[in-house]
Amino acid sequence: MRTLIVAPNWIGDAVMSQPLLALLRAQQAGAPIHALCPPHIAPVYRAMPEVDAVIESPNVHGKLDLAGRWRLARSLRAARYARAVVLPNSAKSALVPWLAGIPLRIGYRGEARRLMLNRMHEDRRQGAERPPMVDHYAALAFEPGRAPDGPVADPRLTIDPALAHAARERLALPAGAPLFALCPGAEFGPAKRWPARHFAGLADLLRAAWPEAEVVALGGPRDRPIGDEIAAQSRARVRNLCGDTTLAEAMALLSSAAGVASNDSGLMHVTAAFDRPMVALFGSSDPRHTPPRSRHARVEWLHLDCSPCFERECPLGHLDCLNRIEPARAMRALRAALAG
Ligand code: SF4
């Protein structure tokens, strides 16, 4: 049964969909799985062995662009998909599989999709009741209302080690030096970002413990100013690579990192999927819903009375949930992660 996955728009959500793909593959070994995704997510699906082809489309999300979606749907018809699994909740994301005439179209009820989906799942749980995102996606491999037998596996990505060598070479990072990566971005908003001064303090501790190490900040172009702040505030040398790497290169570097400190972000899920030692710093969000799924990850979450608030900016104006996680505490957690 040839399957089309309509991918989510966020890097972390894409990573958390991997166990679903593994379940689909296990149910029908040899049946091709293709991922339809925006270009900025494509490297994540290329790192999943279950995916046989990645189809990049700029209009999977965003504007309605009916003409573009119609053209895309027409081009997909030739592949004769037997089913589509639609991961985002928007009506727009369900449109293409419907227009492409894919006979079985699976997804959560979401917004106004009764016509476009014909195997509809429901999950009305809210707040702390919400299941882990990995389980939420994995349920789509089964009939509605049927839970997976046993625990769902953790997301795993694989990448050619040669890509990590090539990325280090291009960025003039010494091949033999341990690499510590700081991931200070979080697209959702500042209420998920550990302060730059704390990342800088952690960089100082890392360089004091491992003088031979390279410490880099990784992220997208929009994270560049935060990376600059960290580099300016740290007494140790921190190379700000935010915006200087492709996502594929950042993934390759994370796959070979000695240790990582990350906000709750897409790169946190990427690091966990490579099973690298990491401290994950949680502020306004909830690690019970989107934890880094790796035994080498340690979560720092203060779980204050006000958290999780799920706000983009701190409604109380103090951001205590992150300000009060001191660098020394993050360092202890990272050491524990390194010890396994
Ligand atoms: S209200 Fe509490 S949990 Fe929300 S951002 Fe502020 S300190 Fe953090």
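For this chain, numbers begin at 1 and follow the sequence in order.
Annotation: side chain of Leu254 is in contact with side chain of Cys183 (closest heavy-atom distance under 4.5 Å). Side chains of Leu247 and Ile11 form a contact here, defined as non-hydrogen atoms less than 4.5 Å apart.
In this view, Asp228 satisfies the salt bridge (charged side-chain N to carboxylate O under 4.0 Å, His left out) rule with no residue, not counting sequence neighbours. For Arg46, the salt bridge (charged side-chain N to carboxylate O under 4.0 Å, His left out) partners are Glu56, not counting sequence neighbours. The side chain to side chain contact (heavy atoms under 4.5 Å, CB included) test applied to Pro292 returns Met268, Ala272, Met278, Ala280, Phe282, Ala297, Val299, not counting sequence neighbours. Under the side chain to side chain donor-acceptor pair (under 3.5 Å) criterion, Glu229 pairs with no residue, sequence neighbours left out. Contacts of Arg276 classified as side chain to side chain contact (heavy atoms under 4.5 Å, CB included), with partners at least two apart in sequence or in another chain: Thr271, Phe274. Looking at residues two or more places apart in sequence or on another chain, you find a side chain to side chain contact (heavy atoms under 4.5 Å, CB included) between Leu99 and Trp70, Ala73, Leu95.
The hydrophobic cluster around Phe142 extends to Leu23, counting ILVMFWY residues whose side-chain heavy atoms fall within less than 4.5 Å of a member. The hydrophobic cluster around Trp210 extends to Phe180, Leu182, Trp194, Phe199, Leu202, Leu205, Leu206, Val215, Ile226, Ile230, Val238, Val279, Leu281, Leu302, Leu304, Leu319, Leu322, Ile325, Met331, Leu334, Leu338, counting ILVMFWY residues whose side-chain heavy atoms fall within less than 4.5 Å of a member.
Under a cut-off of 6.0 angstrom, the local environment of CZ in Arg235 is sparse, with at most 12 non-hydrogen atoms contributed by other residues, nucleotides or ligands.
Residue pairs meeting the side-chain hydrogen bond (donor to acceptor under 3.5 Å, both in side chains) criterion with at least one partner in residues 159-171, sequence neighbours excluded, are Arg170-Glu249. Residue pairs meeting the side-chain hydrogen bond (donor to acceptor under 3.5 Å, both in side chains) criterion with at least one member in residues 304-325, sequence neighbours excluded: Arg197-Asn323. Sorted by first then second residue, the side-chain hydrogen bond (donor to acceptor under 3.5 Å, both in side chains) pairs that include residues 198-208, not counting sequence neighbours, are Asp204-Ser234. The list of side-chain hydrogen bond (donor to acceptor under 3.5 Å, both in side chains) pairs with a residue in residues 36-45, not counting sequence neighbours, reads Ser17-Tyr45.
Salt bridge absent: Lys192 and Glu187 never bring a charged side-chain N and a carboxylate O closer than 4.0 Å. Salt bridge annotation for Arg329-Glu300: present, with a cationic side-chain nitrogen under 4.0 angstrom from a carboxylate oxygen. Under a 4.0 Å N-O distance rule, the pair Asp244/Arg224 qualifies as a salt bridge. Taking 4.0 Å as the cut-off between side-chain N and carboxylate O, Asp275 and Arg293 do not count as a salt-bridged pair.
Using a 30° and 60° split on the angle between ring planes, Tyr81 and His34 fall in the perpendicular class, above 60°.
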Subject >> side-chain contact (heavy atoms from CB on, under 4.5 Å) between Leu140 and Leu87, intermediate numbers included >> reply: CA-CA 9 Å; Leu140 295 175; Leu87 300 186; 3.6 Å; yes
Original post:
Given Phe188 and Arg193, is the side-chain contact (heavy atoms from CB on, under 4.5 Å) satisfied, shown in steps?
Top reply: CA-CA 9 Å; Phe188 183 73; Arg193 292 189 204 126; over 6 Å; no
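Rounding to the nearest 0.5 Å places CD1 of Ile55 at 8.5 Å from SG of Cys37.
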